[in-house]
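This report concerns only the one structure given below.
Computed from a prediction, not measured in an experiment: that's the story for all the values here. Just so we're on the same page: letters track the sequence lines, and every chain starts at 1.
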Protein chains: 2
Amino acid sequence: MDIRSLCLGALMAGDASGYEIRKMFEEGVFSFFQMASLGSIYPALTKLSQEGLVTFTEQEQENRPDKKVYRLTPEGRRTFLRTLFQTRPGEDRYRSDILFLLSFAHELPVELCEALIDEYAARQEVMLDRITEADGQFNKDTDTNTDTDTKTDPDTSKSACQAGCDFIGGLGEAVCRATLDFISKNKKPFLAELRKRRSRQP
Amino acid sequence: MDIRSLCLGALMAGDASGYEIRKMFEEGVFSFFQMASLGSIYPALTKLSQEGLVTFTEQEQENRPDKKVYRLTPEGRRTFLRTLFQTRPGEDRYRSDILFLLSFAHELPVELCEALIDEYAARQEVMLDRITEADGQFNKDTDTNTDTDTKTDPDTSKSACQAGCDFIGGLGEAVCRATLDFISKNKKPFLAELRKRRSRQP
DNA sequence: TACAGCATGTAAGCAGTTACATGATTCT
DNA sequence: AGAATCATGTAACTGCTTACATGCTGTA
């Protein structure tokens with residue numbers, strides 16, 4: 001998925017600034033399985049608006065810098081939907097430095113291994129919080145899109161991403177819990193095993 | 001983790017050609033949490049050998065193209081270990097087109113949603129097989145490194161990556177199973193929910 | 001006959017990260 | 001006083017994917 005589709009997808013949930021879109025990928029629903037940095041979001045939004053797939057309104061804010069609030073155009077919506085249909089999804093990719101480091105546990109001090117496992121668990125915990133908190137975050141009104149033609153009817157708009165996001169949120173939750181469960185069950189035996197080996201071969 | 005460290009890590013398990021290293025990331029132990037393509041592996045190995053971190057021997061093969069079998073030098077080993085100690089692990093990143101597409105389930109035909117879920121499950125199944133098969137793949141003798149000074153003693157060598165890889169393999173297995181379990185429990189209700197909405201708002 | 005697997009390598013191109021640039025406000 | 005949050009944007013750089021180039025073997 002390229003960054004442009006990611007931005008369009010984010011805007012499907014409601015109007016947002018570049019900064020807010022990043023937050024969706026960093027803390028929100030999408031954080032579980034996609035990410036995007038500001039350095040890629042801003043150029044993408046610029047290009048998207050040049051192509052007429054999004055529009056933006058500059059919002060003055062008190063005590064805050066101005067905001068460019070982007071909104072999907074009907075064409076943007078159509079384009080995004082077409083993309084969804086046509087995309088044959090690429091392979092999932094999971095990258096984890098921690099797990100790579102832990103592959104070499106037998107070469108590392110046991111304390112470091114423990115720290116790595118704890119760090120891994122802590123991150124999973126954070127992810128779990130994000131996922132459970134994000135539940136229904138697509139339903140909070142974004143005050144700007146109550147009377148737009150980009151939105152169909154209020155009911156559809158309300159349930160925006162809901163069904164899909166619930167399912168995926170549930171999946172993410174299950175995965176995080178399984179991970180944390182595995183760690184709580186296997187951490188100690190694993191570290192004990194490492195110490196045993198260490199004492200055999202110093 | 002940059003590609004160079006990944007290659008060094010792969011070679012910790014025993015001598016290998018570039019082609020074989022890719023297989024480790026594509027089908028082997030590392031496939032769960034890292035990946036690397038040939039187009040990045042070959043240049044990395046070349047650079048690594050220029051820096052003296054690996055050596056290679058050209059092996060003629062019958063009915064097969066020649067092979068360059070790479071081996072860690074003591075310095076390569078030291079460098080890699082130092083990297084392990086010093087690296088403060090970057091954030092885990094999971095990217096999934098399928099899950100992104102499924103976030104918009106309410107905009108897609110139910111049949112497509114089902115196909116996406118099935119595809120997702122199938123991939124998890126493949127991953128599960130890889131992980132369980134990979135168990136102990138670090139222990140199969142690679143016939144070339146029985147009498148080298150890069151290896152410590154046979155016992156250590158035998159248990160190469162074992163402890164860490166067992167742990168991580170177990171984790172991967174748990175995660176895959178949790179995913180498949182979640183899907184088998186929630187797929188039907190989810191699709192039913194989608195159909196219900198669809199009939200309400202055609 | 002065509003495709004898949006084994007095997008290595010180069011190079012173009014792109015996508016995205018990181019760093020830089022700017023600046024106000026609020027919290028510690 | 002300094003860090004963090006909000007807010008936007010550009011540009012250099014990097015790292016990776018993809019495609020190209022080559023060629024043999026075994027299978028469908």
Side-chain angles (χ1 to χ4, degrees), chain A residues 1-10 15-28 30-31 34-50 54 56-70 83 87-95 97 100, chain B residues 1-8 10-11 15-28 30 34-50 54 56-70 87-95 97 100:
Chain A
M1 274 297 150
D2 60 0
I3 237 292
R4 297 168 76 260
S5 303
L6 258 31
C7 288
L8 291 178
D15 303 351
S17 64
Y19 197 80
E20 285 161 353
I21 289 175
R22 189 208 49 173
K23 278 187 89 176
M24 295 176 73
F25 287 101
E26 198 135 280
E27 298 164 21
F30 296 133
S31 65
Q34 291 291 346
M35 74 220 52
S37 66
L38 282 173
S40 56
I41 290 170
Y42 284 124
L45 288 172
T46 307
K47 224 189 153 197
L48 249 16
S49 73
Q50 279 161 7
V54 301
F56 63 90
T57 48
E58 244 145 327
Q59 272 184 12
E60 290 168 51
Q61 295 185 121
E62 275 178 41
N63 305 339
R64 283 265 158 265
D66 279 11
K67 230 191 207 181
K68 271 191 185 177
V69 177
Y70 289 87
T83 309
T87 301
R88 92 190 99 191
E91 288 220 349
D92 286 26
R93 42 185 55 191
Y94 176 52
R95 288 177 177 257
D97 283 2
F100 181 73
Chain B
M1 274 297 150
D2 61 0
I3 237 296
R4 298 169 75 260
S5 304
L6 257 31
C7 289
L8 291 178
L11 291 173
D15 303 351
S17 64
Y19 198 80
E20 285 161 354
I21 290 175
R22 190 209 46 175
K23 277 186 90 178
M24 296 176 71
F25 287 102
E26 198 135 280
E27 298 165 21
F30 296 134
Q34 291 291 345
M35 73 220 53
S37 67
L38 281 175
S40 55
I41 290 170
Y42 284 124
L45 287 173
T46 307
K47 225 189 151 196
L48 249 16
S49 73
Q50 281 163 4
V54 301
F56 63 90
T57 49
E58 244 147 327
Q59 271 183 13
E60 289 168 51
Q61 295 186 122
E62 275 179 39
N63 304 339
R64 284 264 158 265
D66 280 9
K67 231 192 207 183
K68 270 191 184 176
V69 177
Y70 290 87
T87 301
R88 91 191 98 194
E91 288 220 351
D92 286 26
R93 40 185 55 190
Y94 175 52
R95 288 176 178 258
D97 283 3
F100 182 74

Taking only N/O atoms, report every protein-nucleotides 9-11 of chain D pair under 3.5 Å with atom names and distance.
residue : atom : partner : partner atom : Å
D/dG9   : OP1  : A/Lys68 : NZ           : 2.3

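Contacts between residues 87-94 of chain B and DNA chain C, defined by a heavy-atom separation under 4.0 Å, are absent.
For B/Ser37, taking side-chain heavy atoms from C-beta onward, the closest of the listed nucleotides D/dT18, D/dT5, C/dT17 is D/dT18. Among D/dC6, D/dT18, C/dC6, the nucleotide with an atom closest to any side-chain atom of B/Lys23 is C/dC6. Which of D/dT5, C/dG16, C/dC6 sits closest to the side chain of A/Tyr19 comes down to D/dT5.
Proximity of A/Ser17 to the phosphate of D/dT8: a side-chain N or O atom is located under 4.0 Å from OP1 or OP2.
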For residues 35-43 of chain B, run the donor-acceptor check on the side chains, cut-off 3.5 Å, and write out each pair with its distance to 0.1 Å, sequence neighbours left out.
residue : atom : partner : partner atom : Å
B/Ser40 : OG   : B/Ser37 : N            : 3.4
B/Ser40 : OG   : B/Ser37 : O            : 2.8

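Taken from CZ in A/Arg95 to CG in B/Asp92, the straight-line distance is 11.5 Å, to the nearest 0.5 Å. Of the inter-residue distances, the one linking B/Ile21 atom CD1 with B/Leu45 atom CG reads 4.5 Å to the nearest 0.5 angstrom. Rounding to the nearest 0.5 Å places CZ of A/Phe30 at 7.5 Å from CG of A/Leu6. Rounded to the nearest 0.5 Å, atoms CG (B/Leu11) and CE (B/Met24) are 8.0 Å apart.
A heavy-atom distance below 4.5 Å is found between the side chains of B/Gln34 and A/Asp97.
In terms of position on DNA chain C, the residue among B/Gly18 and A/Arg4 whose nearest nucleotide sits closer to the 5' end is B/Gly18. Two residues, A/Ile3 and B/Arg22, neighbour DNA chain C, and the one matched to the more 5' nucleotide by heavy-atom proximity is B/Arg22.
Spacing between atom CD of A/Gln59 and atom C1' of D/dT8 amounts to 15 Å, rounded to whole angstrom units.
For the helix from C/dT1-D/dA28 to C/dT28-D/dA1, the terminal axes (five pairs an end, C1' atoms, rotation from four pairs onto the next four) enclose an angle of 40°, given to 10 degrees.
Under the side chain to side chain contact (heavy atoms under 4.5 Å, CB included) criterion, A/Glu58 pairs with A/Phe56, A/Lys68, sequence neighbours left out. For A/Asp2, the side chain to side chain contact (heavy atoms under 4.5 Å, CB included) partners at least two apart in sequence or on another chain are A/Arg4, A/Ser5.
The aromatic rings of B/Tyr94 and A/Tyr94 sit perpendicular to each other, their planes meeting at more than 60°, with 30° as the lower class boundary.
Using modelled atom types, no side-chain atom of B/Asp15 and backbone atom of B/Val69 make a donor-acceptor pair closer than 3.5 Å.
A cation-pi arrangement, defined by a distance under 6.0 Å to the six-membered ring centre and an angle within 45 degrees of its axis, is present between A/Arg22 and A/Tyr19.
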